[in-house]
Structure formats: structure tokens, C-alpha cells
Amino acid sequence: MICCVFVLGLFSSALGRHLQEGNGLSLVWRLHGEPGDAEERHGLERRELSGRSAGLNEQTCTALRGVDSALQNSTSTFTFRVQSVGSLSLAWVGDGSGVLLVLTTFQVPLFLMRFGQSNLYRSEDYGKTFKDVTHVINHTFIQTEFGIAISPDHSGKVILTGDVSEFGGFRLFRSRDFGLTFEPTDLPFVPLIQMLYNPGDCNTLLTLSITLDLWLSEDFGATWRKIHNSVCLVRWGPRNSIYFTTNNNGSCNDKGMLDLKKTVDYGKTFHTIASRVYSFVLGGKFVFSSIMTGTGTERAIHVSVDGGEHWNIAQLPAVNHQQFYSILAANQDMIFMHVDDPGDSGVGTIYVSDDRGTVFSKSLERHLYTTTGSDTDFTAISSLKGVYMTSIRTDDGTIETVITYDQGAKWQPLRRPQNSDCDSETSTNRPNRCKLHIYASYSTAMKMNVPVLPLSQPNAVGLILAHGSVGESESALAPDVYVSDDGGYSWLQVLRGPHHYAILDSGGLLVAMEHTNSPINQIKFSTDEGQCWHTYNFTSDPFHFSGMDSEPGSRSMNVSLWGYRNDYTKWVVITVDFKKLLTRDCTETDYEEWLAHSADPSGSNDGCVMGYKETFLRLKKNSVCWNGRDFAVTKKQSPCPCSVSDYHCDFGYYRPENSSECVEQEEMLGRALEFCLNGTTEQLQTSGYRKIPGNQCEGGFQPDRKEVDLRRLCASDAFHPNSLVSFSLH
Ligand SMILES: *[C@@H]1O[C@H](CO)[C@@H](O)[C@H](O)[C@H]1NC(C)=O
Ligand SMILES: *[C@@H]1O[C@H](CO)[C@@H](O)[C@H](O)[C@H]1NC(C)=O
Ligand SMILES: *[C@@H]1O[C@H](CO)[C@@H](O)[C@H](O)[C@H]1NC(C)=O
Ligand SMILES: *[C@@H]1O[C@H](CO)[C@@H](O)[C@H](O)[C@H]1NC(C)=O
Ligand SMILES: *[C@@H]1O[C@H](CO)[C@@H](O)[C@H](O)[C@H]1NC(C)=O
Ligand SMILES: *[C@@H]1O[C@H](CO)[C@@H](O)[C@H](O)[C@H]1NC(C)=O
Ligand SMILES: *[C@@H]1O[C@H](CO)[C@@H](O)[C@H](O)[C@H]1NC(C)=O
């Protein structure tokens with residue numbers, strides 16, 4: 001898995017995101033840099049230790065004993081010497097292998113033609129020590145854009161795309177043994193994009209050449225064959241299928257004129273599954289394609305649940321060239337779709353689909369999605385099902401965070417954390433407007449002081465870490481760190497000022513580093529889901545911290561801190577292994593039952609979301625022990641009777657703010673709700689409710705709903721879009 005790119009450089013790019021600025025030196029994500037020799041300094045640094053509590057609840061926290069002696073021997077330092085300007089990419093290979101590859105690249109700007117040098121380093125111990133293994137790729141230059149391609153199946157396959165222009169081409173370096181050895185293979189074309197692994201069979205690779213030819217290899221890059229020309233965009237689909245758009249007239253900029261094609265036999269045969277295509281997306285079980293309606297510049301979304309054999313027009317407003325659609329999230333049940341409002345307003349509407357992806361209903365209005373940067377705060381919370389957060393722009397122009405706990409049926413503001421207050425003006429005069437606001441992609445795009453996005457992990461049940469502030473809306477001041485341990489219902493301010501943070505040991509350990517321009521030497525950590533924080537001085541020689549990294553999946557106990565000292569020619573990585581601190585394995589008595597989504601413990605339907613209750617076994621806050629790498633989430637489910645909250649508002653209906661009832665949209669009053677499904681017109685007879693896809697409730701509230709086939713033919717064929725009515729309301 002590719003983790004991240006840190007850059008030690010004096011210049012930045014539009015792509016880059018500033019992590020830190022100081023002394024005229026900026027650290028930017030994704031940029032170019034310069035290599036050098038590695039210098040091993042393992043164990044040379046004197047370490048200072050402390051177990052002082054640093055949390056905001058210091059009075060109630062007791063210092064952890066033995067932090068110093070525990071971590072003293074578990075801190076490793078390694079230095080990469082770079083010549084001047086350097087970029088550094090990290091990639092974890094495998095899962096639990098401890099193998100980390102680091103590529104440092106020096107690249108001169110493109111107008112001087114490709115030229116540069118790369119160095120490859122390899123760690124087998126979670127980043128504690130590295131070996132310079134540049135010789136295994138014969139000192140070949142690897143362009144930063146191609147980076148390190150790791151197979152998604154954790155089998156240890158690695159591909160580096162080397163630039164050997166001096167010999168007239170590109171050379172792959174292919175490894176099947178976690179980057180220990182590499183086999184060189186000359187490519188018969190010049191690649192345009194990184195190699196794409198077939199997620200179903202990582203021996204099969206796809207890529208595009210700079211002449212827009214589509215190339216395929218079935219033997220992990222050893223031999224290649226050209227399977228199509230004039231290809232604009234290509235994606236792997238399920239079961240070895242390949243979807244791509246092609247242009248007939250030579251230009252991929254001619255959007256709305258592309259053909260969408262598919263092959264299921266690795267390019268032996270092709271089917272054109274849609275034409276006049278603007279763009280396509282694969283998500284969950286759905287294929288989406290936005291197709292010109294034939295009436296001017298408008299396009300409409302077509303959806304297929306059978307891989308493009310049959311299409312239906314999604315019941316969504318058509319958009320023109322200035323507007324856009326964006327699929328915010330897709331799972332096996334349903335999708336969240338943003339449809340941009342007309343004009344350059346930077347807001348739109350979120351629609352949620354039924355399980356066919358065809359009938360949509362309004363979920364959230366005034367949803368913030370900037371047209372310039374394409375930034376949205378939409379965040380799927382992976383630590384609890386059904387929970388999503390995003391931001392809206394209110395009528396008076398302020399930015400507010402809203403959350404849904406039931407897959408978009410109902411959205412609400414976040415509650416004010418008990419331990420933080422609004423300014424006195426708001427507290428006194430508008431107490432109900434005193435809310436928590438979370439800072440995500442929009443804030444980072446606005447160059448606010450937010451070093452990392454909200455964080456949640458499926459194996460750390462209920463836990464969310466995020467930057468935020470309390471007030472009427474997002475404020476420009478530096479945000480603080482907030483934690484929720486119940487999937488976003490309640491929040492606690494836990495660290496003051498911006499921090500980098502990571503979840504280790506499936507949530508049993510949280511770590512944080514202050515985001516500051518000054519050199520630092522302290523890491524903060526918490527064993528109780530962020531209530532109390534302790535500090536550890538990992539070095540006596542503070543450094544400029546630029547980023548934190550641990551193995552993906554949050555099961556590790558090792559965290560690497562990347563940065564540099566005043567000498568810009570050295571990258572320093574300091575790795576702390578917390579295993580020595582949590583020496584005891586957790587046992588049964590360290591866990592307690594927790595009912596998810598519990599808001600009213602006295603109610604019989606407490607915790608019912610998506611039609612069932614879920615009870616998890618969670619680590620007790622006061623347990624200081626190790627969940628372990630093999631920790632598995634344990635949960636029990638029981639069904640719930642249906643209530644109004646198990647339903648999305650149906651097509652043509654919406655939920656007014658603060659209401660659980662669905663009411664008919666004004667513009668639809670008195671109109672028949674008709675749509676085209678599988679080529680015949682269907683009439684929807686609804687009392688306004690449609691069960692949320694994936695909802696498992698039984699009995700209870702069962703509103704009437706029927707789709708009546710009017711036996712009137714209609715067109716939902718992606719080949720004859722001219723006859724389509726884009727939004728079939730009659
Ligand atoms: C740890 O470092 C901080 C400065 O970063 C310093 O104030 C503190 O005294 C140090 N603690 C110990 C025990 O050395
Ligand atoms: C630290 O490591 C040294 C040698 O590696 C060992 O002798 C010593 O006992 C260790 N100390 C602790 C506290 O683990
Ligand atoms: C390594 O690269 C050099 C040129 O830089 C080339 O002459 C040599 O053949 C390469 N060796 C291998 C094993 O590819
Ligand atoms: C391609 O160009 C021809 C004329 O050069 C035009 O008639 C045709 O519509 C174009 N097709 C597409 C898909 O743009
Ligand atoms: C931390 O790193 C060490 C190697 O230095 C490794 O043995 C250990 O398994 C890692 N711990 C975890 C929990 O991944
Ligand atoms: C919704 O409820 C909140 C808080 O109770 C209130 O401030 C707001 O005005 C209500 N909105 C509407 C449209 O009634
Ligand atoms: C529409 O077509 C799909 C795919 O062929 C099929 O699964 C579905 O049952 C059809 N629906 C109706 C209402 O005929």
C-alpha cells in the first residue's frame with residue numbers, strides 16, 4: 001500500500017499540500033526532490049523520557065508509570081542523507097510483514113526533459129532500520145509520478161517504473177518477494193500512468209501509453225500486448241472485467257462524445273456498452289455513466305447493476321457542462337450522489353439511491369462542494385455503520401458540520417462537547433447555535449491550519465479523531481483535536497491546537513504529535529481513547545516534524561516520525577515501538593459490552609439503526625493492555641421493528657429540517673411520479689417512504705409503496721439517448 005510522499009524542498013506545486021513551513025523550507029505532499037546516501041545512526045541518540053500527563057483532563061488523569069524505562073529501549077533513529085532538494089515516498093509491502101520501501105527522488109523540472117536520480121531503501125522492521133538497496137534496481141531513475149506500485153493482495157508484489165531514456169525507453173523492475181529482489185523488463189511503450197493491478201488477480205496488469213494505447217500483461221509485466229487504441233480512462237471492474245472510454249476523433253477532451261467499452265476476456269472481444277459518454281465511475285455493484293441527453297449540453301446519469309448490459313436513467317436532475325455529478329460513497333446497497341446546483345455556487349444537493357441505484361431521493365441540501373478545488377468534507381466514518389459527516393453552507397454563508405447516523409435519512413449538527421465552550425457572545429445570546437464543527441478537506445484546501453483529515457478505522461469501533469472548533473460555524477482560528485468514542489454522537493476536546501494523529505493497536509493506543517513550526521521532541525499518547533494523554537520525549541535533540549506514519553490497518557504498535565533537523569540534507573525517521581509499554585495481552589475481563597447508536601437507554605428501540613441493534617465487545621477505558629495483531633471485532637446483532645427512521649423519503653419527497661416525517665416536494669405536488677425502468681414506464685404510488693437499502697427491520701411501520709408498470713414503452717437505452725427525457729417527471 002502506498003502511504004505517503006514527504007518532500008524536503010524549497011519549492012512547492014499546485015498539487016502539494018503544505019505540512020509545515022519554516023526557515024523558508026516547505027514540506028509538501030507529492031513533489032520532486034533529491035537523493036543521497038543513507039547514514040545509519042541507530043541508537044546513537046540520547047533519549048529523554050517522561051510520563052507526564054498532557055491531556056486537557058489532567059486533573060482526572062493519573063500518570064502512567066514506567067513510560068520512560070519502557071520506551072527507552074524501543075526508540076530507533078535512522079538518518080537519510082539527501083543532497084539538497086528531496087522527495088521521499090513510502091510504501092508498505094504486505095500486511096504484517098514489517099516491510100517498508102522508501103524511494104527518494106531527485107528530478108529536474110520537466111521542461112529540461114526527464115532526468116533525475118533515485119535511491120531505494122528497504123526496512124524489514126517497521127521502519128526502525130533501513131538498507132540502501134538502490135543496486136537492486138541498478139541505480140535506475142524512477143519518476144516520482146510512477147512511484148511504487150504495490151499489489152493490493154498483500155502478496156508482496158512490487159513494481160517500479162524506471163526511466164532509461166538514455167537507452168530509449170522505460171524499464172519495469174518487478175519483485176515478487178516484498179522488494180528483496182527485482183527483475184528488470186524493458187517496456188515496448190512509454191507509460192502514461194502507473195501500472196494498475198487487477199484486484200482479482202495481481203498477475204494481470206493494465207496501463208496506458210502516452211499515445212493512449214491500452215496495454216495488458218497477464219504474466220506480472222514480463223510480456224505485454226496492446227489491446228486497444230484511443231483510450232481515455234480505464235478501470236478494472238469485478239471478475240477480471242475492464243471498463244474504458246475511447247474517443248473516435250482523437251481527443252479525450254471531447255467529453256460527451258466518448259464510447260464506454262468493456263472486455264471480460266482480457267481484450268479478445270469488446271462490447272460498446274454506452275455512447276455519447278461524458279464520464280463513468282464504478283462503485284459498489286453499480287456502473288454509472290453520465291451521458292449527453294441529446295438536448296444541448298445537458299447530461300444525465302445512467303446506472304447499471306449488471307455491468308452495463310442494461311441501463312436505467314437515474315432519477316436525478318440533469319446537469320450542464322458547468323455543473324457536475326460526484327459519487328460521494330457507494331457500497332453494495334446504495335450510493336450517495338452529489339449533484340451540483342446551477343451556477344457557480346459551490347454547493348449542491350446530496351441524493352441517496354435505492355438498491356437499484358435508479359430512484360433517488362433528496363438527502364441534504366446546500367451541501368458544500370467547491371467547484372474550483374473539487375473539495376468536499378464528505379467523510380464516511382468507518383468505525384460505525386451508517387455514519388457520515390460533511391459540511392453545508394448555511395443561508396447566511398457560514399460553514400457548518402452535519403452528521404447522519406442512518407445512511408443519509410436524517411442529518412443533524414454535531415453536539416457541543418461537554419468540555420468546550422463557545423465565545424461568551426454566542427453562549428449567552430444564541431446558545432442553540434453553539435455547536436462543534438469538524439475540519440476536513442475543505443479546510444485544508446482553504447489552507448487552514450489542519451494537518452490531517454478526520455480519522456476512523458473499522459477495527460477501532462466507534463472511534464473518530466478530528467480537528468474542530470466550537471462556535472456558530474467554522475472559524476479561521478487554529479482548530480483543536482476532538483475525539484468521539486461513540487461514532488459521532490458525543491465529542492470531547494482532547495488536545496489543544498492542531499496535531500498529527502494515528503490509531504494503533506485497533507484503537508487501544510492513540511498517538512499524536514503537535515503541528516508546529518518549532519522543532520519538537522515530544523510524542524503524546526493515550527491508552528483510554530483520548531481521555532488522558534501522556535508524553536514521551538523521544539529525543540533530546542528536537543527536530544522539525546513533517547509527518548507520522550504507521551502500517552495501514554491500525555494494528556501496529558510501531559509509529560514512525562519523519563522530519564529533519566536544521567541541516568536540510570538529512571531526513572530523520574524516529575520509530576517508537578509501544579509494545580514495551582503495553583506488555584500485557586488483553587483478556588476477557590478487559591472488554592465490556594457496548595450498544596452502538598445508543599441515544600436513549602430507556603427506550604426499547606434504543607440502538608436500532610438500519611433495522612438492527614449491534615452490541616460490540618470493546619476495550620474498557622481503564623484497561624492498559626495489548627489488543628494484539630489478531631484482534632477481531634466481536635459483535636452481536638438483533639433485529640428491530642420498523643419505524644419511520646428506517647425509511648428514506650421517497651422520490652419526490654423530502655424531510656424538512658428537524659422533522660422525521662417525509663413531505664412531498666413542492667415542485668412535485670399534483671404530478672404523477674413516473675420513471676423509466678427496463679424500457680417501460682413505471683408509476684410510483686408512494687406515501688413518501690422507501691426503506692433504506694440494506695435496512696433489516698421487521699414488522700412495525702410498513703407504509704404503502706407500489707411501482708406500477710404502465711405498460712408504456714420508454715427509452716432507457718444508453719445507445720439512443722436522443723429520445724430520452726432526462727428527468728422523467730410528467
Ligand atoms: C521533555 O521535553 C520538553 C521540551 O520539549 C521539556 O520541557 C521537558 O522538560 C522534557 N522532559 C524531560 C523529562 O526531559
Ligand atoms: C535495554 O537494552 C539493553 C541492551 O540492548 C539491555 O541490556 C537493557 O536491559 C535494556 N533495558 C531495558 C529497560 O529494557
Ligand atoms: C545497469 O545499468 C548500466 C547503465 O547504467 C548498464 O550498462 C548495465 O547493463 C545495467 N545492468 C543491468 C544488470 O541491467
Ligand atoms: C468525429 O468527427 C466527424 C467529422 O470529422 C463528425 O461527423 C463526428 O460526429 C465526430 N464523432 C465524434 C464521436 O465526435
Ligand atoms: C513492531 O516492530 C517490530 C520490529 O521492530 C516487530 O517485531 C513487531 O511485530 C511490530 N509490532 C507490531 C504490533 O506490529
Ligand atoms: C431545528 O432545531 C434547531 C434546534 O432545536 C433550531 O435551532 C432550528 O431553528 C430548527 N430548524 C427549523 C427549520 O425549525
Ligand atoms: C430490470 O432488469 C434487471 C436486469 O436485467 C433485472 O434484474 C430486474 O429484475 C428488472 N426489473 C424489472 C422491474 O423488470
Side-chain angles (χ1 to χ4, degrees), residues 1 3 40 42-43 45-54 58 63-78 90 92-100 121-131 154 178 457 459-460 495-497 499 502-525 527 533-545 548-561 563 565 573-586 619 624-632:
M1 234 174 283
C3 145
E40 198 166 328
H42 185 45
E45 305 214 10
R46 197 166 67 81
R47 288 166 209 106
E48 287 185 21
L49 305 151
S50 82
R52 196 170 65 84
S53 172
E58 227 164 304
L64 269 188
R65 258 189 269 158
V67 171
D68 304 13
S69 59
L71 295 178
Q72 195 157 24
N73 267 13
S74 320
T75 305
S76 321
T77 301
F78 189 85
L90 314 182
W92 292 89
V93 193
D95 183 27
S97 65
V99 176
L100 181 57
Y121 303 89
R122 185 169 182 274
S123 169
E124 290 184 344
D125 53 10
Y126 292 80
K128 289 170 190 160
T129 59
F130 285 88
K131 280 202 185 93
H154 301 307
F178 298 84
Q457 281 287 336
N459 52 339
L495 294 168
R496 234 180 279 272
H499 284 72
I503 297 174
L504 303 182
D505 192 30
S506 306
L509 187 69
L510 307 182
V511 291
M513 287 282 286
E514 197 181 336
H515 180 59
T516 156
N517 285 333
S518 323
I520 53 173
N521 68 337
Q522 250 181 13
I523 186 168
K524 302 175 186 178
F525 63 94
T527 60
W533 291 79
H534 313 277
T535 61
Y536 164 55
N537 287 8
F538 53 80
T539 174
S540 56
D541 182 8
F543 79 154
H544 291 274
F545 169 71
M548 178 185 266
D549 183 47
S550 69
E551 189 196 28
S554 292
R555 295 180 181 277
S556 185
M557 291 289 273
N558 299 294
V559 64
S560 297
L561 313 170
R565 297 231 160 80
V573 52
I574 298 178
T575 302
V576 183
D577 188 345
F578 281 91
K579 184 67 187 74
K580 296 275 161 51
L581 187 74
L582 306 185
T583 46
R584 187 170 69 78
D585 286 0
C586 301
L619 197 59
V624 181
C625 60
W626 185 44
N627 276 320
R629 288 204 67 97
D630 300 329
F631 171 79

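We count ligands from 1, going down the list as the structure has it; atoms in each ligand are counted the same way. The analysis underlying the following values was restricted to heavy atoms, covering all of them including side chains, and did not include hydrogens, waters or symmetry mates.
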Taking atom 14 (O) of ligand 5 as the reference point, the nearest protein heavy atom with its distance: R629 NH1, 2.7 Å
F538 and F543 aromatic ring geometry - parallel, tilted or perpendicular at 30°/60° bounds: perpendicular
Per-atom contacts of ligand 1 with Q522, taking only distances under 4.0 Å to non-hydrogen atoms: 1 (C), 2 (O), 3 (C)
Exam field: side chain R555 to backbone G96, donor-acceptor pair closer than 3.5 Å: no
Nearest non-hydrogen protein atom, atom 9 (O) of ligand 5: Y126 CE1, 4.1 Å
Ligand 5 to R555 polar contact by distance, N or O atoms, under 3.5 Å: no
Heavy atom of protein closer than 4.0 angstrom to atom 7 (O) of ligand 5: no
Trace of the side chain to side chain contact (heavy atoms under 4.5 Å, CB included) decision for D505 with F578: CA-CA 10 Å; D505 192 30; F578 281 91; over 6 Å; no
Nearest heavy-atom neighbours spanning L504 and S556: CB-O, 3.3 Å
N521: numbered ligand 1 atoms lying under 4.0 Å from its heavy atoms: 2 (O), 4 (C), 5 (O)
Euclidean distance, L100 CG relative to L90 CG, rounded to 0.5 Å: 5.5 Å
Whether S560 side chain and V573 backbone form a donor-acceptor pair below 3.5 Å: no
Nearest heavy-atom neighbours spanning A70 and K580: O-CB, 3.1 Å
Polar atom proximity, K128 to ligand 5 (N or O, under 3.5 Å): yes
Min N/O separation E551 to ligand 5 under 3.5 Å: no
Location of contacts on N558 toward ligand 5, heavy atoms closer than 4.0 Å: side chain
G98 touching ligand 5 at heavy-atom level, < 4.0 angstrom: no
